[in-house]
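First the proteins, then the strands, lettered A, B, ... as listed; each starts at 1.
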Amino acid sequence: MLPPYLQSLNEQQREAVETLEGPLLVLAGAGTGKTRVLTTRIAHILGNHKALPSQILAVTFTNKASYEMRERISSLIGRTVEGLWLGTFHSLCVRILRRHAERINLKTNFTILDTDDSLRLIKQIQKAENIDDKKWPPRAILGMISLWKDRGLGPDQIDKNNLPNQYGPKNPALTIYPIYQERLRILNAVDFGDLLLHCLTLFTQCTDILDFYQHQFRYILVDEYQDTNIAQYLWLRLLAQGHKNICCVGDDDQSIYGWRGAEIANILKFEHDFPGAHIIRLEQNYRSTPHILGAASGLIAKNTGRLGKTLWTEADAGEKVFIKSVWDGEEEARYVGDEIEALQRNKFSLSKMAILVRASHQTREFEERLLTLGIPYRVIGGPRFYERLEIRDALAYLRLINEPNDSLAFERIINTPKRGMGSVALQNLHHISRSEGVSLMASAYKIIETDELRGQTRNTLANFLKDVDRWRQQVSFMSPSDLAKMVLDESGYTEMWQRDKSPDAPGRLENLKELVVALEEFETIESFLDHVSLVMENSSNQNVDSISIMTLHSAKGLEFDIVFLAGWEEGLFPHQRSLGETGLKGLEEERRLAYVGLTRARQRAYIIYAVNRKIHGSWQSSLPSRFIGELPKEHVDSQTAVTALSSNFKIRDVTGPARYLPTSSGKKSLSSASSFNKFEVGTRVFHIKFGYGQVIDAHGDKVDVDFEHSGLKKVITSFLEKA
DNA sequence: AGATGTACCATTTTT
DNA sequence: TGGTACATCT
């Protein structure tokens, strides 16, 4: 008799769950239930008492995925599970490093720096080393260093004769990398990449520790294997050498993190790395309609070097992928907003819809439109709570209390609120810090013993140091939440915002309160800071039914009934920068991204492209994305012709920018009988804003309507419904 | 020290 | 277009 959780699986899924011994690679296409396989597998291992929770190591791509997996496992086996090693690579590495950091010359209370801090640090180094930050922006330097780290290379492991980059041999990242690592050590801090790198160092240098974990983890499971980078791959391979029970789930067609060092090659050489590996393919798609699946499959077939899967489904045909051409970004947002409202009227819930964009700045126009329409939305992966100015300041206070050598935190708050410690005083501290190789805090202690600073500045600095000392002494007597509240009050930070007359000051005070509340859930400041640096989702996940806006990258692993794919234009998607340097490789990754986007949709997918787009304040005309042309005709419903006409009409409306627009190209004058015939003269129509009315004149997709309440208006047919 | 003004350039994607 | 780095002002 099969346990109930196995009964509902198909043959391949069940095989993937039940093959418990030896290396296993599950090649799972989009929407084939790979996450389900992973959770069921863990439940199965636990249910059969094959292993204790602590003997299972499961790696997911996001923290959110971990939470969801944990919940599903609990519901499958009917009880909560404690002690699983379930998390992202990063969170698992933190867990290990917090135990053993001192073995590799790192203090266990290290701070985890985010990208912002890393950039500031690099900038400081560039200044000190006289490296032009115009020619070599810190972002580029950090990108280079991160890439090395993603490949598992420390500063002393770089092959100077074989630099894998486009910047050439004079690349200052080479100089900066060792200095950067040394500075991090002084700060007692690590960056994202270090988490993996230090963990690797730990495993290779301390064989007893590696032994211990190799023994402990009897079952290793990895989700989204196609997006592991070399460092993560090495990490996994080391740990898997013990029991060799590693189960990786992935889809080469959904590899979209090549730019971050992910290697599809990892999935291709799995058999080689783990001899005797078993391979299972999941090809039955349970998510999308055949039209959506057909469009996506046709698109991805243009890529070369695929492992190749043939997805199929038993679902009913459903609707074709809908392609819509619009005049510009504004109309795009308007169109999407109107569709959303129409769908809402048909009882679709907002939480089942998503707007997916290529680049995060595209979210803005949609946000504005949804705000005016009063449609609740949330931007996934957008500006986050913990990235707000006031929260970062407050966190800096906590960081400094937790680790006084965290100079970046020190620098952030030494003059916030204003204490009269200006740039001159700070430069003095930096000078000492650099020449003696100590932190800013330590430099401050030194300088107040001297006459380097003016009397008053010296006093304020001395007082600040006393304050920090006092706060540090309270750590063991107060809860993190109470301590934070006290620190914010005593430092004058709260007061600073209370005095501030600007309109956003009250909101900031609210956020600070929210931070204090959030802290209540944590036992130590350190655990809270870990949470902040590793967990990215917005804390304000209200229960309001709302539509999601996000980038295609953030949409990975998610699914929605209705998906709006916006901005499918050459240059934007595929993005110009992905084409330039990496050529075909870049293009294929963009195509996989398009594939990921399409396959998020269960019932209906819209693809939208604008004929004109504003870039850096000036208008540019754009061509439809080549991906649109690559979609099999039988699976799409295109309205290109309608829009060509609409462009001509709209030029009259656009006053300034219209000058820069090209005259319409011949290609778009193809006619399709579909949409604008619907609204012939005399048709009774409904308009969202103007209500009911009658068409009195029609030209192209623009019609004159006599509305019962609003009078004569010229409107676009896409706003209209037949009444 | 801090506030105000001006010139310049550009972020594609994120654990 | 809008953010930010630097220069100049009070």
Base of B/dT15 paired with side chain of A/H90 (donor-acceptor, under 3.5 Å)
yes
Please tell me if A/T551 has a side-chain N or O lying less than 4.0 Å from either OP1 or OP2 of B/dT14.
yes
Considering heavy-atom distances to DNA chain B, does A/T60 or A/E590 have its closest nucleotide positioned more toward the 5' end?
A/E590
Whole-Å distance, A/M496 CE to B/dG2 P, equals 12 Å
Sugar-phosphate only, base, or nothing, as touched by A/F573 at under 4.0 Å among non-hydrogen atoms
nothing
Please tell me if A/N229 has a side-chain N or O lying less than 4.0 Å from either OP1 or OP2 of B/dT15.
no
A/R260 side chain: which of B/dT12, B/dT14, B/dG2 is closest?
B/dT14
Counting only heavy atoms not in A/E330, do more than 12 sit closer than 6.0 Å to its CD atom?
no
Could you check whether A/H575 and the base of B/dT12 form a stacked pair, meaning centres closer than 5.5 Å and planes differing by less than 30°?
yes
Can you figure out which of B/dT14, B/dT15, B/dT12 approaches the side chain of A/W259 most closely?
B/dT14
If you check every side-chain atom of A/T62, which of B/dT13, B/dG2, B/dT15 has the closest atom?
B/dT15
Can you tell which of C/dG2, B/dA10, B/dT15 lies closest to the side chain of A/T88?
B/dT15
Taking only the side-chain heavy atoms of A/K614 (C-beta and beyond), determine which of B/dT15, C/dT1, B/dG2 contains the nearest atom.
C/dT1
Identify whether any heavy atom of A/F89 sits under 4.0 Å from a base atom; if not, whether one sits that close to sugar-phosphate; answer base, sugar-phosphate or nothing.
nothing
With A/R260 as the cation and A/Y257 as the aromatic partner, state whether NZ or CZ is under 6.0 Å from the six-membered ring centre and within 45° of the axis.
yes
Nearest whole Å is fine: how far is B/dT12 P from A/L587 CG?
17 Å
Between B/dA10, B/dT14, B/dT12, spot the one nearest the side chain of A/H553, thanks.
B/dT14
When the P atoms of B/dT13 and C/dT4 are compared, how many Å lie between them, rounded to an integer?
15 Å
Nearest whole angstrom, please: distance from the P of B/dT11 to the CG of A/L552.
20 Å
Taking the C1' atom in each of C/dA5 and B/dT12, what is the distance between them to the nearest angstrom?
24 Å
Under-4.0 Å side-chain N/O to phosphate OP1/OP2 contact, A/S360 with B/dT13
yes
Interatomic distance, A/Q362 CD vs B/dA10 P [rounded to whole Å]
20 Å
Under 4.0 angstrom, heavy atoms only, what part of the nucleic acid is A/R419 near: base, sugar-phosphate, or nothing?
nothing
For A/F366, all residues meeting ring pair (Phe, Tyr, Trp, His ring centres under 6.0 Å), sequence neighbours excluded:
none
With a cut-off of under 6.0 Å to the ring centre and 45° to the axis, is A/R613 in cation-pi contact with A/W619?
no
Once you round it to whole Å, what is the distance between C1' of B/dT12 and CZ of A/R139?
11 Å
Using whole Å, report how far CG of A/L572 lies from P of B/dT13.
11 Å
Using heavy atoms to find the nearest nucleotide of DNA chain B for A/S554 and A/G420 separately, return the residue whose nucleotide is more 5′.
A/G420
With a 4.0 Å limit, can you tell me whether A/R577 has a side-chain N or O closer than that to the phosphate oxygens OP1/OP2 of B/dT12?
yes
Does A/R364, at its CZ atom, have more than 12 non-hydrogen atoms belonging to other residues, nucleotides or ligands within less than 6.0 Å?
no
Centroid-centroid distance, A/H198 to A/F110, less than 6.0 Å
no
What class does the angle between the rings of A/F192 and A/H90 fall in, given that below 30° is parallel, 30 to 60° is tilted and above 60° is perpendicular?
perpendicular
I want to verify a distance call: between B/dT12, B/dT15, B/dA1, whose nearest atom is closest to the A/S578 side chain?
B/dT12
Does a nitrogen or oxygen in the side chain of A/S91 sit under 4.0 Å from OP1 or OP2 of B/dT15?
no
Any side-chain N or O of A/K64 under 4.0 Å from OP1/OP2 of B/dT15?
no
Base, sugar-phosphate, or nothing for A/K149, non-hydrogen atoms under 4.0 angstrom?
nothing
Length of the CD1-C1' vector between A/I380 and B/dT15, whole Å:
16 Å
Spacing of A/W619 atom CH2 relative to C/dT1 atom P, expressed in whole Å:
12 Å
